Every structure is written in structure tokens, then in C-alpha cells.
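Contents: one structure, followed by commentary.
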Amino acid sequence: MRIVFAHQNFPAQFGAFGGWLAQQGWDVAFLSAAETINPPERTVAVRARPSREPAQETHRLARSMERAAINGHAMASAAMKLVENGFRPDVIMAHSGWGSGTFLKAVWPDAAFVPYLEWYYNAPATDRLPGETAEVTPDQRAVAISRNMPIIADLAQATGALCPTLFQRDQLPAALRDRITIGHDGVDCAVNAPDREAQLEVGGAPLPPDAEIVTYATRGMEPHRGFPEFMRALARLQQSRPRLHAVIGGEDRVCYGAALPEGESWKARLLSELDLDTARVHFVGLQPRPAYRRMLQASHAHVYLTVPFVLSWSLLEAMAVGAPIVASDVAPVREAMRDGDHGRLIDHTDIDALTGTIAATLDAPDAGRQMGLRARQQVLDRYDRARLWPERAAWLTDLARPD
């Protein structure tokens, strides 16, 4: 089997899976617009460079479609380099919504085409923040339709389509859902495993041996991932728990949701607003995977907060290592874990409830460990890539060679 993956980023959702396929004997190629591409062994990669940004004079409702066309043209041009070397894939898998794979069937018309559907926009927005109105204008509906047009173009060509969770699939119109297969990206449960002896260092020094360790991890420190609420709960917890240390992973930026004015950040705002003992608040930035894994393994209460949105890999990785978890009681989280069984779910906008639930988790370490063990078993049963990846490889093979 031969497969080509197309994604604006790298390794993103495809890098590790593509590397595994190559180890199974598949011929694997990647197309990506990323500045740096380090493909796995036995694979090849071609950079797809968009020629320009959408033109200023482009109608605002056509801008997302023009961006997708520019991205798609860049991917198709990069694909021609593979054609020159005789590469003819059986399967094209492309991250949908940005045009990454839209024109690849023009290059390889006989290949099975599988769009990977991460997010479909609705109006009102599914991922709106607490307190944001559900009322929408006709213009906002039009913007959502425009943003979804690249996905519709991909689905029109699709041999099969893949979506990582039921919640994400259900954002699409009901008429399209039956065409979509649910298949998570998979968690490496062999590597992400419990280690109660894990030692957590911050700045090269270990935390105090009697520290109560609360962890929080995010790509960006933003309301979409509950950062303001976490910090407000942390300020309250510090007042009554002198041994509590918070370890916060992630970057001081907004990845999802509205950006702040230039020069402002949620981290700066919260540090200015709250009375915190900053000696017990450790911002560790983006961590290498081994250090990030130790952070989860050593946690006494790992806090995962989110509005209804794409489920983070970090939650499933925290479950895989058996961390005691406090998480938002929203649909994507409930799909992965049950309250009181795999962790504690709360309305994270209720700061009293969030504070109390973190405190209760710290006060009952044995119960937290037992929930962590059940959470790991949940991930082993439903999200372990050792099981999911062979199933996905067989599915792709069937799509490409139905006879």
C-alpha cells in the first residue's frame, strides 16, 4: 500500500501514524506547509509553500475559500514532485478545512480520498464561551457557511471520511454524518503509563517532598481552555493549602478564540488581578514529551478545562498515566470519561465548585488513584493506538481495494 498525507502542519495528527505504517511496509509520503518537516524513517516529505495570502480585495465571505484554494494549489504542486519520482498512492488522507487535500484527486484521480474532519463551524458557535449569547445574525451564519465550504468540497470527493470523536462528528449536518467513520488518533499507552515514583523538577530543582502538586497543561493560556478560571481557583486554594504547588505547561498566547489587544495576555492579566504566591506557581512552558509525561505522572490533581470543543490529546494522555483528573463537565469530555468513575467533572465556570473539587481530589489521594487506574483502563479499551492503528490500516486498505 502507498499513502500520502496532506496537512498544513507537521507532525500533527498524521506524523506518528504514518511512521508506524512505514514500519509495517507501506510506502508513505507527507505533504505539509510546515517550516520544519522531519519525516519518520522510511518516509518522504515535500514542503508545500503557499504562493501568497488571500488578496485584500477578496470578498470577506470568500476569503476562507480563497485561502483554501491557495493552500490546495500549493499541495497539488508539491504532489507533482512525488509524481515525477513515480509515486502513485492508493490512499490520500488530508486534514480537511484548509484546502490541504482538495486538489489532490486532480493529481491522483484513482486514489481513495479520505478527509480527516476536525471541526465544522456552526452558528451559534458550539464552542462559545460561557455568557456569550446564542443569538446570531445572518452575517454570522454566512461566515460559518463560508468557513465550511472547503470541508464540503472534500466530502464531495471522499471515498471515506474520518473524524476522531463522536462529538466532533455531530457538529456536521445530520445528512452528512453517516458518511463519517469515528476513529481517534490514538494514545501511546505503552509510553504514557503510570509511574508513582516520578520526580518532578522545576527549573532544575525538585519540588518539596511534601508538595501537593496541581497540574494544568494547554497549548495557549486562554478562556477556551479555562485558564482564567483555573488561575482564580488556584488563588483561593493557595490561601488554605500552604503546601500546594501549581505546575502550568503551555505558551502565553491565544490559540483558540478571540485574540487580546496587542501586547496583552491572559497570563499577565491574571497575575495582575490575583493575589498569588508566585513562588508556588511554576510556568514551565512547552515541555519535551518525557518531561511533560513526568508532570502528569507526578500530579496529585490534573486540571483539564474546556468549552465544548475539540478534545485535547492531553486529557487522554493524563488518563493513560493514571493521573487524578478534574475536568469540565462538557460533551467532549463526557464522551471520554464518566464523573466519579474516571475523574471528577464540574462546571468550571463555577469557581467555588472548581476550587472545592480540586481540594477534594487532593484530600482523597487513594480515591484519586483508583479513579486514575480506571481512567487508564478506559484509554486502553478505547483509545490505545496499539489497537486503533491496525484497525485504521485495515480500513484504509479496504477503501482503496474494495474487491
Side-chain angles (χ1 to χ4, degrees), residues 1-54 67-108 111-119 150 154 162 164 183-188 191 219-220 250-251 253 255 285-292 310 312-314 317 385 389 392-393 396:
M1 290 287 291
R2 291 185 170 189
I3 187 168
V4 61
F5 293 99
H7 201 303
Q8 295 305 112
N9 296 314
F10 192 87
Q13 289 93 344
F14 299 154
F17 176 57
W20 178 84
L21 287 176
Q23 293 173 0
Q24 312 311 305
W26 289 45
D27 290 334
V28 178
F30 296 97
L31 303 174
S32 177
E35 289 289 335
T36 302
I37 309 173
N38 294 312
E41 291 183 7
R42 306 176 188 173
T43 71
V44 298
V46 180
R47 173 104 188 273
R49 300 172 184 269
S51 58
R52 61 176 177 83
E53 291 292 312
R67 184 181 299 280
I70 293 167
N71 290 339
H73 181 260
M75 289 287 181
S77 298
M80 292 304 297
K81 296 179 182 178
L82 294 175
V83 171
E84 292 169 3
N85 291 321
F87 190 87
R88 296 179 59 187
D90 299 292
V91 180
I92 303 161
M93 180 176 281
H95 187 251
S96 189
W98 301 94
S100 302
T102 302
F103 301 136
L104 293 182
K105 280 282 280 186
V107 178
W108 294 297
F113 178 55
V114 182
Y116 176 101
L117 307 172
E118 187 169 15
W119 192 246
D154 286 350
L162 185 68
H184 194 267
D185 308 316
V187 176
D188 187 347
V191 171
R219 285 180 62 203
E251 292 185 308
R253 65 186 180 112
C255 295
L286 292 180
Q287 293 285 287
R289 283 210 165 268
Y292 170 65
V310 175
S312 302
W313 292 336
S314 67
E317 290 167 344
R385 73 186 198 184
W389 284 3
R392 182 179 295 183
L396 292 171

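Everything numeric here is computed off the predicted structure, so don't read it as measured data.
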- line: dist Leu21:CG -> Thr43:OG1 (nearest 0.5 Å) comes out at 10.5 Å
field: Nearest-0.5 Å distance that lies between atom OG1 in Thr36 and atom CG in Asn9
entry: 11.5 Å
task: Over all heavy atoms of both residues, which pair between Trp108 and Val4 is shortest? Give the atoms and the distance, please.
output: CZ3-CG1, 3.8 Å
- prompt: Nearest 0.5 Å, what's the CE-CZ distance between Met75 and Arg49?
  reply: 12.5 Å
message: Phe14 and ring-ring contact (aromatic ring centres under 6.0 Å, His included): which single residue from Tyr116, Trp20, Trp389, Phe30 fits?
response: Tyr116
- request: Ignoring hydrogens and angles, state whether a donor on the side chain of His7 or Gln13 is under 3.5 Å from an acceptor on the partner side chain.
  value: yes
message: Testing the 3.5 Å rule here: is there a donor-acceptor pair between the side chains of Ser100 and Asn71?
response: no
- request: Could you check if a side-chain atom of Arg392 sits within less than 4.5 angstrom of a side-chain atom of Asp185, using non-hydrogen atoms only?
  value: yes
field: Heavy-atom closest contact (Leu104 atom, Ala79 atom, distance)
entry: CD2-CB, 3.8 Å
- prompt: Can any side-chain N or O of Arg47 pair as donor or acceptor with the backbone N or O of Ala33 at less than 3.5 Å?
  reply: yes
task: Please name the pair of heavy atoms, one in Val91 and one in Met1, separated by the smallest distance, quoted to 0.1 Å.
output: CG2-CE, 3.9 Å
message: If you compare all heavy atoms of Gln8 against all heavy atoms of Ser32, which two are closest, and at what distance to 0.1 Å?
response: O-OG, 3.5 Å
message: Working to the nearest 0.5 angstrom, can you tell me the gap between Ile92 CD1 and Asp154 CG?
response: 10.5 Å
field: Side-chain touch Leu82/Val107, heavy atoms, less than 4.5 angstrom
entry: no
- request: Could you pull out the closest heavy-atom pair between Phe17 and Ala393, with the gap in Å?
  value: CZ-N, 4.4 Å
field: Interatomic distance, Arg219 atom CZ to Arg253 atom CZ [nearest 0.5 angstrom]
entry: 5.0 Å
message: If I compare all heavy atoms of Gly220 with all of Cys255, which pair ends up nearest, and what's the gap?
response: N-SG, 3.7 Å
query: So do the side chains of Phe5 and Val28 get within less than 4.5 Å of each other, counting heavy atoms only?
result: yes
message: Can you see whether Phe87 has Arg2 sitting over its ring - NZ or CZ less than 6.0 Å from the centre and within 45° of the normal?
response: yes
query: Roughly how far, to the nearest 0.5 Å, is CZ of Arg42 from CD of Gln24?
result: 9.0 Å
query: Are side-chain heavy atoms of Ser51 and Ile70 found at a separation under 4.5 Å?
result: yes
